There are 2 protein chains.
Amino acid sequence: MEDEVDRLVAAWRRERPDLDVEPLEVLSRVSRLARHLDRARRLAFAEHHLESWEFDVLTALRRAGTPYQLSPGQLLTQTLVTSGTMTNRIDRLAKKGLVARLPDPSDRRGVLVRLTDEGRDRADQALAGLLAQERAILAELSPAQRGELAGLLRQLTAPFDNIPG
Amino acid sequence: MEDEVDRLVAAWRRERPDLDVEPLEVLSRVSRLARHLDRARRLAFAEHHLESWEFDVLTALRRAGTPYQLSPGQLLTQTLVTSGTMTNRIDRLAKKGLVARLPDPSDRRGVLVRLTDEGRDRADQALAGLLAQERAILAELSPAQRGELAGLLRQLTAPFDNIPG
DNA sequence: GTGAAGTGTCTTGACGTCGAGGTAAATGGG
DNA sequence: CCCATTTACCTCGACGTCAAGACACTTCAC
């Protein structure tokens with residue numbers, strides 16, 4: 001089955017036969033697929049009355065385990081947004097009662113963001129919905145293919161995640 | 001080499017051992033990698049004084065071949081943005097002299113967006129820069145692995161690209 | 001201890017995107 | 001033909017993000 005990137009690459013080969021556009025076969029697909037996934041996630045979360053950005057923050061806290069709290073800085077590295085964005089997100093989630101801001105007892109510059117009970121429940125429900133949707137998308141691939149794909153992607157993401165970028 | 005998604009998946013298995021979070025091994029990596037790529041692209045384009053969104057539009061037109069023109073609607077499907085966004089993008093590119101808006105002679109509702117000479121040159125230069133950067137990122141993988149990865153990704157993107165979603 | 005550098009978070013303003021809705025033109029069944 | 005539907009693009013207001021910089025506190029070398 002052909003996809004939009006096949007058409008894109010073919011067009012470049014016609015227009016710029018002097019260039020080697022092979023990198024696009026991988027990385028343009030990654031970007032485009034991510035964009036499609038964003039849209040799909042938005043729909044899935046809407047059923048639980050959550051925005052994607054809310055899900056990202058709530059689940060980061062949920063994964064941290066009891067007592068479900070992290071510093072804004074820790075949330076930054078997990079969600080890949082800037083500090084100003086995170087401040088704004090925490091404000092809005094706090095206003096909705098899904099998280100609470102607490103002073104960090106060990107560093108007076110610091111803050112701890114704690115998930116409320118409602119926040120935890122909402123995160124759990126939305127996660128279940130997301131996994132169901134993602135399973136459907138991945139049904140295109142065999143389990144072995146999924147494992148292979150995960151491994152290849154890990155090789156590309158590891159440098160970004162380990163060398164501060 | 002471990003990446004952030006390995007840590008994320010391990011955390012979920014600890015916190016929610018009842019759930020099968022295997023889909024995240026693939027799709028969270030896709031989303032995170034795309035985010036890293038966005039940042040890297042922004043840096044690469046800055047050297048050519050282009051924004052990512054400008055690159056996306058200009059190269060879509062460049063790929064179309066002489067006379068380098070497409071309708072806003074065709075640009076939508078290639079760039080995965082909404083029509084309001086595209087109108088805005090075309091406005092700004094036209095103001096910078098990189099594209100021109102022409103009436104579509106065969107449909108009076110329609111518009112054709114045409115690349116200017118300067119727009120074409122800028123697109124060509126930025127593309128070369130992008131490819132160099134992407135090649136560096138993909139050096140993590142062997143040619144065979146890159147081919148495999150492209151094939152697996154195609155299987156996931158094809159349904160999105162072919163069934164209107 | 002003290003001052004300089006580093007760290008953690010928040011503030012601000014500009015910007016780009018989205019979604020909903022609006023207008024105008026094309027299409028097609030009766 | 002004609003009217004309902006569809007298609008193509010644009011307008012507008014709300015919203016989320018970013019980058020740069022401000023501020024308060026901590027750390028470390030001396």
Side-chain angles (χ1 to χ4, degrees), chain A residues 31 34-36 38-43 45-46 49-58 60 69-96 98-114 164-165, chain B residues 31 34-36 38-43 45-46 49-58 60 69-96 98-114 164-165:
Chain A
S31 293
R35 205 129 169 73
H36 287 302
D38 274 350
R39 292 180 165 190
R41 291 200 329 156
R42 207 171 311 168
L43 289 179
F45 293 146
H49 306 287
L50 271 187
E51 306 291 327
S52 297
W53 63 264
E54 295 178 310
F55 177 86
D56 287 342
V57 176
L58 296 181
Q69 59 187 23
L70 291 172
S71 70
Q74 290 174 306
L75 287 170
L76 289 192
T77 69
Q78 294 207 30
T79 53
L80 298 178
V81 298
T82 61
S83 68
T85 297
M86 187 53 68
T87 297
N88 186 15
R89 288 183 174 187
I90 296 167
D91 284 348
R92 285 172 285 156
L93 287 170
K95 202 167 295 176
K96 294 177 72 171
L98 302 179
V99 306
R101 255 202 195 88
L102 310 171
D104 181 338
S106 69
D107 184 337
R108 279 194 293 175
R109 291 169 306 182
V111 166
L112 289 175
V113 181
R114 161 126 57 160
Chain B
S31 293
R35 207 131 170 69
H36 287 302
D38 274 350
R39 292 180 165 191
R41 291 200 327 158
R42 206 171 315 169
L43 289 179
F45 294 146
H49 306 287
L50 272 187
E51 306 291 327
S52 296
W53 63 263
E54 295 177 311
F55 177 84
D56 288 341
V57 176
L58 296 180
Q69 59 188 23
L70 291 172
S71 69
Q74 291 173 305
L75 288 170
L76 288 193
T77 70
Q78 293 207 32
T79 54
L80 297 178
V81 298
T82 61
S83 68
T85 297
M86 187 53 67
T87 298
N88 186 17
R89 287 183 175 187
I90 295 166
D91 284 349
R92 285 173 284 154
L93 287 170
K95 202 167 295 176
K96 294 178 72 172
L98 302 179
V99 307
R101 255 202 195 86
L102 309 171
D104 181 338
S106 69
D107 183 337
R108 278 194 292 172
R109 293 168 308 180
V111 166
L112 290 175
V113 181
R114 161 125 58 160

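Per chain, numbering begins at 1; letters A, B, ... match sequence-line order. Values in this document were obtained by computation on a predicted structure and should not be read as measured data.
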Heavy-atom donor-acceptor pair, B/R92 side chain to B/N88 backbone, under 3.5 Å: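 It does hold such a pair.
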
Under 3.5 Å, side chain of B/R89 to main-chain N/O of B/V57, donor-acceptor pair present? no

With sequence neighbours left out, what residues match [X] under salt bridge (Lys or Arg N to Asp or Glu O under 4.0 Å)?
| X | value |
| --- | --- |
| B/R41 | B/D56 |
| A/R114 | none |
| A/D107 | A/R109 |

Work out which heavy atom in [X] is nearest to a heavy atom in [Y]; give both atom names and the distance.
| X | Y | answer |
| --- | --- | --- |
| B/E54 | B/K96 | OE2-NZ, 2.6 Å |
| B/L112 | B/P105 | CD1-CD, 4.2 Å |
| A/V81 | B/R39 | N-NH2, 4.2 Å |
| B/A34 | A/S31 | CB-CA, 4.3 Å |

Sequence neighbours left out, what passes side chain to side chain contact (heavy atoms under 4.5 Å, CB included) with [X]? Give chain and number order.
| X | answer |
| --- | --- |
| A/L43 | none |
| A/T87 | A/D91, A/R101 |
| A/S83 | A/L76 |

Axis bend over the full length of the helix from C/dG1-D/dC30 to C/dG30-D/dC1, computed from five pairs that close each end, to 10 degrees: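 That helix gives 30° between its end axes.
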
I need the residues from residues 85-95 of chain B with at least one non-hydrogen atom less than 4.0 Å from DNA chain D; give them sorted by number, or say none. B/T87

Contact interval (first through last nucleotide) of DNA chain C with protein chain A, 4.0 Å heavy-atom: C/dG6 to C/dG19

In the structure I gave you, are the side-chain heavy atoms of A/T85 and A/T79 within less than 4.5 Å of one another anywhere?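 No, their side chains stay 4.5 Å or more apart.
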
Within a strict 4.5 Å, meaning less than it, do heavy atoms of the A/P72 and A/I90 side chains meet?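 Counting from C-beta outward, A/P72 and A/I90 do come under 4.5 Å.
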
Reading DNA chain D from 5' to 3', where do the contacts with chain B start and stop? Cut-off is 4.0 Å to heavy atoms.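 Boundary nucleotides touching chain B, in 5' to 3' order, are D/dT7 to D/dA19.
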
Mind running a 4.0 Å heavy-atom check of residues 99-109 of chain A against DNA chain C and sending the residues that fall below it, in number order? A/R101, A/R109

Near-strand residues of residues 70-78 of chain B, defined as heavy-atom separation under 4.0 angstrom from DNA chain C: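 Nothing qualifies; none.
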
Rounded distance (nearest 0.5 Å) linking atom CG of A/D104 with atom CZ of A/R108: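 One finds 11.5 Å between CG of A/D104 and CZ of A/R108.
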
To the nearest 0.5 Å, what is the distance between CD (B/Q74) and CD (B/Q69)?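 Separation between the atoms: 9.5 Å.
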
Step by step, work out the side chain to side chain contact (heavy atoms under 4.5 Å, CB included) result for A/L70 and A/V113. CA-CA 5 Å; A/L70 291 172; A/V113 181; 5.8 Å; no

